[in-house]
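Taking it in order: structure first as C-alpha cells, then the write-up.
Naming convention: chains lettered A, B, ... in sequence-line order (proteins, then strands); numbering from 1 in each chain. Since we're looking at a predicted model, the values are computed, not measured.
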2 protein chains.
Amino acid sequence: MSYTAPLKDMLFAIEHLAGIEQVAQLPGFEDAGRDTAAAVLEECARFNEGVVAPLNVIGDQQPSRWQDGAVHTTPGFKEAYAQFTQGGWQGLQHPVDHGGQGLPKTIGAACVEMLNSANLSFALCPLLTDGAIEALLTAGSEALKATYLDKLVSGEWTGTMNLTEPQAGSDLALVRTRAEPQGDGSYKVFGTKIYITYGEHDMADNIVHLVLARVAGAPEGVKGISLFVVPKFLVNADGSLGARNDVHCVSIEHKLGIKASPTAVLQFGDHRGATGWLVGEENRGLEYMFIMMNAARYAVGVQGIAIAERAYQKAVQYARERVQSRPVDGSARASVPIIQHPDVRRMLMTMRALTEGCRAMASVAAAAYDAAHHHPDAQARQESAAFYEFLVPLVKGFATEMSQEVTSLGVQVHGGMGFIEETGAAQYLRDARILTIYEGTTAIQANDLVGRKTARDGGQLARAIAAHIAQTEDALRTAGGDAAASLATRLGAARTAFLEVVDFIASHAKEDPNAAYAGSVPYLMLAGNLVAGWQMGRALLAAQQLSGQGQDEAFLQAKIATARFYGEHILVRVPALKDEIVHGAASVMALAPEAF
Amino acid sequence: MSYTAPLKDMLFAIEHLAGIEQVAQLPGFEDAGRDTAAAVLEECARFNEGVVAPLNVIGDQQPSRWQDGAVHTTPGFKEAYAQFTQGGWQGLQHPVDHGGQGLPKTIGAACVEMLNSANLSFALCPLLTDGAIEALLTAGSEALKATYLDKLVSGEWTGTMNLTEPQAGSDLALVRTRAEPQGDGSYKVFGTKIYITYGEHDMADNIVHLVLARVAGAPEGVKGISLFVVPKFLVNADGSLGARNDVHCVSIEHKLGIKASPTAVLQFGDHRGATGWLVGEENRGLEYMFIMMNAARYAVGVQGIAIAERAYQKAVQYARERVQSRPVDGSARASVPIIQHPDVRRMLMTMRALTEGCRAMASVAAAAYDAAHHHPDAQARQESAAFYEFLVPLVKGFATEMSQEVTSLGVQVHGGMGFIEETGAAQYLRDARILTIYEGTTAIQANDLVGRKTARDGGQLARAIAAHIAQTEDALRTAGGDAAASLATRLGAARTAFLEVVDFIASHAKEDPNAAYAGSVPYLMLAGNLVAGWQMGRALLAAQQLSGQGQDEAFLQAKIATARFYGEHILVRVPALKDEIVHGAASVMALAPEAF
C-alpha cells in the first residue's frame, strides 16, 4: 500500500461538519451537493493513488536537478503533471468563465489534501499556480486576465510567488527588487529572489512569476511595494509564446525535504531588464500578495494534514505487520503485532486524533470561505469572512505544527527501521519540516492571530467563537454517553482557558506588546487545539446521531472513540499553554540578548 | 564559531549540583575535586572544539562508505581518532589497572557531552567501546580481561554491541544467533546481526564484538541467551593479531542522520563459524548486556543533551546576526536582530532551559553512579544505586525526547535557512532523531520506569524522591525573590501530579497493566520534566547563594532567569500528562486494531 485516500472521513467532515448541503444552497454552487462531492473525491482518489503517490519516493531519491542551465524534474513528474492538467484538476476551484470547474473550496480542499498526501513535492506546483490565479482574479487588469488566466486555470502554464530576497524574509519591508516604468505600460524588473518554489522547471511551457518590487520613488517599507507579472516567456498578441524574458534561474537549493520540488534562486534583469506588468495599482502589492498568501496559507495547513495522514497510514501498516514482544496484559504467550502494545496504540491514536481534528477544522474553514464569497446576504458574507480569517492562522499554524509531531511519531512507531531511509517514514518527517516555515512561519501566523485577529476587535470574535463552543458542550452533555460527557468536560476547561488568554492578549497587545507576543505561538497552539477539538465534539455528536441508522457503524464508533481520545490526550494540553501565556511572559524576555 | 563547550554551566553543575567535592571524598577519587574537573574539562574542550567539531559537517556530507568489501570512514576521522586515543580520552573513566585514568563519571559525563556535541557520529565509536569494557570488567574471565581490556581502554581496539537481528529488536527473546561449544573453551557463532554501530570501520586495528547468541539446548526466550566475545581478528597468545575471524560486514545502512557512523549488517559464521568466547556464564547474557545497556543508555541521554547544546549555540548565533523586522514594542524604528523578537526569545529560552535542566539531571545521576560504586558504606551504595537506576530511563528517555524538540526549534529559529542543508541546523535534527530509538526506544525506557523502577517497590523510591523535591520547594520558598517563589509553586504542582501518577501506576501495573502501560511514556516525560526541574530549583538556590560573592554574576543571574523560565514554561506541562495517565487510559486502547 502506498496511499489510500481517507474518503469516509473526508466525506463525513464535508457532509456533517462543513455542511455541504448548505454550501449547495449558495448561488453558483447549486450542483455541488453531497453526491457531487462523493463523485469528485472518488475520481480524485483514483488519480492520486494511482498516478501521483507512486512518484513520492522516486522524487526523494531522484530530486529535481540543476544541470546545464536547466531544471530537470524527477522522472515521471512531467507525465504525471500532463495527466493532472488533462484531468482538469488545476481548475477545480476556479471560475467556469476561465475554464475551471467552479467547485466550492469545501470540496476542493479535500482534493488538495489528497494531492499533497500523494506527493507534497509534486503538489507544490499546482498550489503556487492557484495563488497566481487568485492574485490575477483579484487585481489583474482585463488584459492581464485575458492573457494569463485561461492558461493558468488549465495548468498549461504554472505560477510562482516571488517575495523573499536574501535580506527580506518575514520582513518584506526590506524588499529591494526594483521596477522601472517603460512608458508603454510595461516595467523593467531588476533584482534577486530566493526560495522560489517551482521557479524553474520542465513540466509546463511557460512560468508566470508574480513578483514584489519597488517602483523608483515609492515610499519606504511595505507601503512602497508593488506586484508585477513577469512571465518566463513573453506572450504574443495571439497568445502564442514570444521571446525569452530576462528572468533566469541561477541555482536550486539542496534541502532537508520536498527534494523533488525545485526551489530556485531567480535573477531578474541581469541582461537588459525583465519585462513585467503591474498588477492592480502601484504600492498596493502587499495587499494583493496577502490574497495569494491567505490562499496559500490555508493550503499549507492542508499540506500538514496531508502529510500527517500519509505518515499515519504508513505507521498503522507497520504496526500491524511487525511482530515483537508479548502483550503486557498476558493475553498471549507469544510475540504479537506491535499494534497490540499500549504505547504503540497511544502513538497511533495521537496521530489519528490530531489528523482528524485538523481535517475537521480545515473543512469547516473551507465552508466559511465559500459562504464568505457566495452568500447572497452581505452580513452573512462578512461574518463568514471574519470566521474564515480567524481560522486561517490556526489551520496554517496548528495543522503544520501538529504535522511535526505526527511525522516524528511515525518514525518512532517504526523503531530502528524508521531511521533507515529506504523505509520511507523519515521522508515524511523531512518533507513536513518546511511546513511551519514557508508562507509565514508559525510565529508570523501567531502575530496575525494576536494582532489582526484578536487584539484589533478587542477579542470580540474570539469570544463569539467560544460561545459557539459552549453550545457544543451543552449538546455533548445532553447527548449522553461517557465519551460525550468526557469531551464536554475537556472542551469546557479548554474554552475557559482560551477566554482567559483572549482577555490577556486583548488587554496587553498595546500596553505591553512584548508580553502579548511572548505568548503568541502558545496562543495559536491553544486556539488551534481548541477549535479542532470543538470540531471533534461536533463530529462525536453527528456520529452518535447517525449510529444505528444502518450507516457504517464501525466508522461511527471509531469517530466517537477518536473524539474522546482527542479530549483526554490533546485538549488537556491547553491549560499549560494558558499558564505559559498569562503567567510566564516576563521570563521569556528576562535574559538579555548578550547573556545567551 | 563551530562549537564552544559550555564549561561554566558544566562546572556549575559538577560543583554545586552533583557535588564534586563529596565525590572526591570517595575512596579512589581523592584527586578528583573541583580543580581536577576544571583542568580535565578545559583540556577536553580544546580537543573537541579544535579537532572533532570541524569534522561534523564533513561527516554528514561525506558519510562512511561501503566499498570493495570495506568501510571507509569520513576523511579525517581516522586521524582524529588517533589523536583521541593518544590523548587518553577513551580511558577517562576506566580503571587505572588497565591503563585508564579512573576518573569519576561526574567528570567523565561532561567529557562525553563535549565529544557528542562536537560530533555525534564520531562519538559513537568510543561510546560503544565503553560498553564493551564495562561488560568485560563485570563478567569477563581473567583471560578475556587480560587479552582485551588494555587495548580497549587505550582505544587501540574498539568495541561493539551485537543485539539486534531482523526479527529481534526490542524483543530479545527472539534472538536466533547460535553458538556451538568446541570443547576447547571456544564457541563457533552463526547468525546475522543488524544495526551494529561501528560494526566495521578503518579507524582501529581490531574490533571486539560482544554478541548475544544461544547455545544449543538453552531455554527459550531471554533466559537462554549468552554473551560472547567475537573479535574481528583473533588474538595470539603474545597479544599480537592473528587470523581474520569469520565475522563479516555485508552492508551498511543509508540513514536519516549520524551518517558518518557506519551502521553495519554483520554475518557471523558464513564460512566455518566465527570463533567466540563466552563472557561469564551461559544463559546469563541478557544480565551482562544490561550492564552495557545501562551505561549506554545513560550515554545516549547525554547525547541528547549534547546535540541540544549544539543546536542551541547555532540558533543563538543566527538569531544575533539575522536582522529582520522592527520590534513589536516600538523600541527601534529599524529592523533588529531577530533575538529581539519575543517568539525567537521564547524558542531560545525553551532550548536553553531544556538543555540545562537535562544537563543538571545527568550530572546528579553521574554522582549517584560514582557513590553507588565507590562509597565505603554498603547501604549508601545501595541507595545511590537505586537512585541512579531510577534516573537512567529519565536521562535516556526525557533528554532524548527533549532533543527532538530542541533541534526542531533550532531549525525553526533559522526560518527558511533552517531547511537548507548547507546551513547545518537540519543535520542536528536528523542526527538527533535516532536518540529516542536506539539503546531502547522511549517506550522501552518507560516500561523499565513503570515496571522495575516504580511498580516493583510499590512506588516507594519514587515517593522518597518526591520528598526530597518537597525539601527543595521549602528552600525555594524561604530563599526569597520572585524567581524562587515562582519555581517553588511550579515544582509543587508538578510533584503533586507526580505522586498521583505514581499511585496510579503502582496500583494498576498488575491488576490493569494495559492502563498502567498506556501512560508509560507520559509518566516518563512527567518524571523527567520534574526531576530536571528539581535540579533547576537546586541550581537557582545555589546561584542565589553565590550571587554577590564576586563570582561570575552574569552567569548566576542567567541561571536564575533560566530556572524561572523552566518552571513557568516547561514544568507547567506536567499536569496535562497526569490527566492523560490517570483519566485517559481507556481511550488509548478503545479502538480495535482493525479499526485503524
Toward chain B, the part of A:P166 with a non-hydrogen atom under 4.5 Å: backbone
In terms of heavy-atom contacts, A:R430 and B:L256 come closest through CD-CD1, 3.4 Å
Examine whether an atom of B:L174 lies under 4.5 Å from a heavy atom of chain A, and if so say whether it belongs to the side chain, the backbone or both; otherwise answer neither. side chain
Nearest atoms (heavy-atom pairs only) where B:E580 meets A:V572: CG-CG2, 3.9 Å
What option among A:Y312, A:Y438, A:F555 has the most heavy-atom pairs under 4.5 Å with chain B? A:Y312
Where does A:R345 contact chain B at under 4.5 Å (heavy atoms): side chain, backbone, both or neither? both
Sort A:V316 into side chain, backbone, both or neither according to what part of it lies under 4.5 angstrom from a heavy atom of chain B. side chain
What's the shortest heavy-atom distance between A:E568 and B:S587, and which atoms? OE1-OG, 2.7 Å
Of all of A:D579, A:V521, A:T441, which one pairs up most often with chain B through heavy atoms under 4.5 Å apart? A:V521
So for A:M417, is it side chain, backbone, both, or neither that comes closer than 4.5 Å to the heavy atoms of chain B? both
Relative to chain B, which segment of A:V574 carries a heavy atom at a distance below 4.5 Å: side chain, backbone, both, or neither? neither
In terms of heavy-atom pairs under 4.5 Å with chain B, the winner among A:S408, A:A595, A:A446 is A:S408
Partner chain B: residue of A:F565, A:F596, A:Y517 with the largest heavy-atom pair count (under 4.5 Å): A:F596
Against chain B, label A:Q427 side chain, backbone, both or neither, depending on which of its atoms sit under 4.5 Å from a heavy atom there. neither
A:Q340 versus chain B, heavy atoms under 4.5 Å apart: side chain, backbone, both or neither? both
Chain B contact via A:S486 - which portion, at a heavy-atom distance below 4.5 Å: neither
Let me know if A:A554 has heavy atoms under 4.5 Å from chain B in its side chain, its backbone, both or neither. neither
Side chain, backbone, both or neither: which part of A:I581 has a heavy atom under 4.5 Å from chain B? neither
How far apart are the C-alpha atoms of B:T263 and A:I420, what are their side-chain angles, what is the distance that settles it, and do they pass the side chain to side chain contact (heavy atoms under 4.5 Å, CB included) test? CA-CA 10 Å; B:T263 303; A:I420 306 297; 5.6 Å; no
Do you know which of A:E253, A:R573, A:M589 has the most heavy-atom pairs under 4.5 Å to chain B? A:M589
What option among A:E422, A:R564, A:H341 has the most heavy-atom pairs under 4.5 Å with chain B? A:E422
